[in-house]
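These values consider heavy atoms only, across backbone and side chains, with no hydrogens, waters or symmetry-generated copies. First listed ligand is number 1; within each ligand, the first listed atom is number 1. Just so we're clear, the structure is a prediction, and the values are computed from it rather than from any experiment.
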Amino acid sequence: MSQPQFEEGTTLDRFILESRMAHPGATGVYVNLIKGIELAGKMISSRVNKAGLAGMLGAVGNVNVQGEEQQKLDVYANNVFISSLEHRGAACMIVSEESDGVVRVGEQWHSGRYVVTVDPLDGSSNIDVNATIGTIFGIYRRLSEEGTPAQDSDVLRPGYEMVSAGYIIYGAGTMLVLASDGVVNGFTLDPAVGEFFLSHPDIQVPNDKVMYSINDAYAQAWQPGVKSFIEEMQKPERKASARYIGSLVADFHRNLLKGGVFLYPATAKNPEGKLRLLYEAFPLGYIIEAAGGAATNGRKRILDLTPDALHARTPLVIGSKALVAEATELMSQDPALA
Ligand code: AHG
Ligand code: MN
Ligand code: MN
């Protein structure tokens, strides 16, 4: 799908307002929702940039619903994200990695039209070393009637039903990448001005670079198809490079801009893989397809899957179309583990 022409330097606010005007009948609710996410991104970015000075390094001493140790910034980012959306009358329900069940927003906001899924802080293990981390989000339009409490069935749906998705990356600079109307645009935060400006219009994932990202410490646990793919990548004639930092959002972002493939496969110990469908694989799958790439679980298109639980996991192969196809072809012959 195409979008109205926007020149670089357009603010995110102007971009979402003017893109929505192209939708007949748009009421401004979606614009309000993205503004809430934008605000959360600015607040988290500011805190990430001074984490070491603001007493925000280290763990809080709790584990989340997945049994993972929560970092102070995980908890901060989750609270900021929820409070920025709760008061805007746009979201009726939030599913977050750091909250046990769904967060149903207060009764006064039951009119909210959208369900938001979020990994408030992806790459938590990189917080204390000042390496790139991010926030990943996906948006569904609710199925249940506005004005009533949202239902789990509003979110336990295939990824292709999302209406938009994005992430905010806190690296050397802060960027918000948004996929909507089938187009992916990147906005860079100017911290002095406090605004996101369009810096990467209509992102398309390159197909000519061979970059692969996988945690090869688990190589002995890989299935034959994954092993064959990585061996293929390591042949000198492929001229490939490997990059893996352990923040999905950072590895994904680099591969989106430069071209490459990220894999987090299933193993006998983790037959469903590690990454979560609703707030990691679906949003990034939605973005990569809009950028001309692909995402699978090693067999099927990610966006065709339906989660059976809020925190359901999936193996993930995501990136440039040709590399994802090559990996999936080999992996689809492996026996299913789950
Ligand atoms: P989170 O910080 O949200 O829990 O996600 C961590 C994820 C993901 O960002 C990353 O790609 C992966 O964990 C790394 O896992 P390994 O250390 O097993 O490679
Ligand atoms: Mn994550
Ligand atoms: Mn997280």
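Protein residues with a heavy atom under 4.0 Å from ligand 1 are Glu68, Glu97, Asp119, Leu121, Asp122, Gly123, Ser124, Asn215, Tyr218, Tyr244, Gly246, Ser247, Leu248, Phe262, Tyr264, Lys274, Leu275, Arg276, Glu280.
With contacts defined as side-chain heavy-atom distances shorter than 4.5 Å, the pair Thr314/Tyr264 does not qualify.
Among the atoms of Glu97, an N, O or S atom is found under 2.8 Å from the Mn ion (ligand 3). At least one N, O or S atom of Leu121, from either the backbone or the side chain, sits less than 2.8 Å from the Mn ion (ligand 3).
Glu280 has its closest N, O or S atom to the Mn ion (ligand 2) at the position named OE2. As for Asp122, its N/O/S atom nearest the Mn ion (ligand 2) is the one called OD1. Within Asp119, the N, O or S atom lying nearest to the Mn ion (ligand 2) carries the name OD2.
A donor-acceptor pair is defined here as one N or O able to donate and one able to accept, closer than 3.5 Å; such a pair exists between the side chain of Asn64 and the backbone of Gln66.
Of the charged side-chain nitrogens involved, at least one lies within less than 4.0 Å of a carboxylate oxygen, so that Arg301 and Glu289 count as a salt-bridged pair. Taking a cutoff of 4.0 Å between a charged side-chain nitrogen and a carboxylate oxygen, Arg238 and Glu326 qualify as a salt bridge. Using a 4.0 Å cut-off between charged side-chain N and carboxylate O, Glu38 and Lys42 make a salt bridge. At a threshold of 4.0 Å, the pair Glu97-Arg313 does not count as salt-bridged, since none of the basic side-chain nitrogens sits closer than that to a carboxylate oxygen.
Aromatic ring pairs are classed by plane angle as parallel below 30°, tilted from 30° to 60° and perpendicular above 60°; the pair Tyr244 and Phe262 is parallel.
For the pair Arg142 and Tyr114, the cation-pi test (distance below 6.0 Å, angle within 45°) is failed.
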